[in-house]
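Chain identifiers are assigned alphabetically (A, B, ...) following the order of the sequence lines, protein sequences preceding nucleic acid strands; residue numbering begins at 1 within each chain.
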2 protein chains.
Amino acid sequence: MAASFLAEFELYVMLAIARLGDDAYGAAVRNEIEERADRPVSIGALYATLHRLGNKGLLEFEEADPAPGQRGRPRKYCRLTPDGRYAIEHSTAKLHRMMDGVALADPGNRR
Amino acid sequence: MAASFLAEFELYVMLAIARLGDDAYGAAVRNEIEERADRPVSIGALYATLHRLGNKGLLEFEEADPAPGQRGRPRKYCRLTPDGRYAIEHSTAKLHRMMDGVALADPGNRR
DNA sequence: GTTGTAAACATTACTTTGTAGAGTAATCCG
DNA sequence: CGGATTACTCTACAAAGTAATGTTTACAAC
C-alpha cells in the first residue's frame, strides 16, 4: 500500500487524468494541464512522471489500437487505479486542510 | 517579479506561515504542518525551504529578542512578503482549477 | 563558572522530482 | 517510397526534499 503523498507536478498529472477519464493519454494530459492551469509542462517531466506513477501502482496503461483515420503514433491510454484515486483524495484533502480559511488580504499586519 | 510556482512542500510552508501570522517561526511551522496536515516534516527540508523562499523574496525574517523566560536558542520569526502572498494565491488558484469538480467515486469506469 | 537540559536553527550527503530539448517510433496520405 | 503528423522516449542536468547529525543560544542547578 503506497503510503506517501503526491508531489506538485504528480498531483497535476493525476488530476488531469481524473478529469479526462477515458480520454487520458500523454499528449492530452499535457494539454489539459497547460490550458486549465496555465502551467507549462515539460515533455520530459510528463512522461517520466507517468512512468513513475505507473511503477507506484497509481496508474495503469493500455496501448490503444489506433482509431481509424487517426494519424500519428498510436496513443497509450492511462487510467487511475484504486490506489491512484486514494492518493488523489489524500493529497487534496491535506491541501484543503491547509488552505481552508487562510486569509491573504494583507491587513497591514499590525505589530 | 518572481514568476514560477511553489513546489509541494514549499506551498505547505507558505500556507502554515499564513496561518500562524505573527507567530510563525521554524519550529512552529513544523508543528502546524505535522498536526494540521498529518504530513511528516523533515527538519532539513524545513530550514532549507525557508531559506530558499527567503532568497526568492517570498519571505522576510526577523530575529526576535528572546522573550523573557523562554528557554533555548532565540526564534527567527518570518512573515510573508507581498510577493509571497501573490505566490500563494497563484498556486492555490491553479490547484483549485484542477481540483474543482473532479469526480473520484470509481463508477466502475465502463469500457 | 561549569555542567546539564532544552529549544531552535544549520549542515551534510543523498534520493527523488522536474526541466529542456533533441531523438525515435508508428501511422497515414499522396 | 517519401513526407507529414502525432505521440512517446532518452539524456544530461537542475531543483526540491529526506534523514540524520551537529551547532548555537539561553536558562537553571549545582
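- Between the side chain of A:R19 and the main chain of B:M98, a donor-acceptor pair closer than 3.5 Å is present.
- Put simply, A:H51 has a side-chain N or O that comes within less than 4.0 Å of OP1 or OP2 on D:dT9.
- Following rounding to the nearest Å, B:L59 (CG) and C:dC9 (P) show an atom-to-atom distance of 13 Å.
- Listed nucleotides: C:dA20, C:dA10, C:dG18. Nearest to the side chain of A:R39: C:dG18.
- Put simply, CD on A:E34 is 14 Å from P on D:dA7, counting in whole angstrom units.
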Step by step, would you call B:L95 with A:L11 a side chain to side chain contact (heavy atoms under 4.5 Å, CB included)? CA-CA 9 Å; B:L95 272 172; A:L11 179 57; 3.9 Å; yes

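- Counting any heavy atom pair closer than 4.0 Å across all strands shown, A:G26 reaches sugar-phosphate atoms only and no base atom.
- Across all strands, B:L46 comes closer than 4.0 Å to no nucleic acid atom at all (heavy-atom distances).
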Side chain to side chain contact (heavy atoms under 4.5 Å, CB included), that's the test. Do A:L59 and A:M14 meet it? Break it down for me. CA-CA 9 Å; A:L59 290 180; A:M14 292 292 279; 3.9 Å; yes

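- Contact between the side-chain N/O atoms of A:K76 and the OP1/OP2 oxygens of D:dT6 is not found at any separation under 4.0 Å.
- In this structure, A:R30 reaches neither bases nor backbone, as no heavy-atom distance under 4.0 Å exists between it and the strands shown.
- Between D:dA15 and B:K56, no contact under 4.0 Å exists linking OP1 or OP2 to a side-chain N or O.
- Of the possible donor and acceptor atoms, one in the side chain of A:K94 sits under 3.5 Å from a partner among the backbone N and O of B:D38.
- If you find the closest nucleotide of DNA chain C to B:R71 and to B:P74, the one lying nearer the 5' end belongs to B:R71.
- The CD-P distance, from A:E63 to C:dT27, rounds to 10 Å in whole Å.
- Residue B:R52 places at least one side-chain N or O under 4.0 Å from the OP1 or OP2 atom of D:dA16.
- As a whole-Å value, the separation of A:F61 CZ from D:dA7 P is 16 Å.
- In this structure, B:L6 and B:S91 approach most closely via the heavy-atom pair N-OG, 3.3 Å.
- To the nearest angstrom, P of C:dT17 lies 11 Å from CG of A:L58.
- Listed nucleotides: C:dC29, D:dT18, C:dA8. Nearest to the side chain of B:A27: C:dA8.
- Residues A:R52 and A:L58 have side chains not in contact (no heavy-atom distance under 4.5 Å, counting atoms from C-beta outward).
- The side chain of A:E10 sits closest to C:dG18 out of C:dA10, C:dG18, D:dA19.
- When rounded to the nearest whole Å, the span between CD1 of B:I43 and C1' of C:dC9 equals 8 Å.
- Of the candidates D:dT25, D:dA7, D:dA16, D:dT25 carries the atom nearest the B:R73 side chain, counting heavy atoms from C-beta on.
- D:dA7 atom C1' lies 12 Å from atom CG of A:L50, rounded to whole Å.
- With the nearest nucleotide of DNA chain C identified for both B:G44 and B:Y25, B:Y25 has the one nearer the 5' end.
- We find that CZ of A:R75 is positioned 16 Å from P of D:dT5, with the value rounded to whole Å.
- Using a 4.0 Å heavy-atom cutoff across all strands shown, A:Y47 reaches at least one base atom of the nucleic acid.
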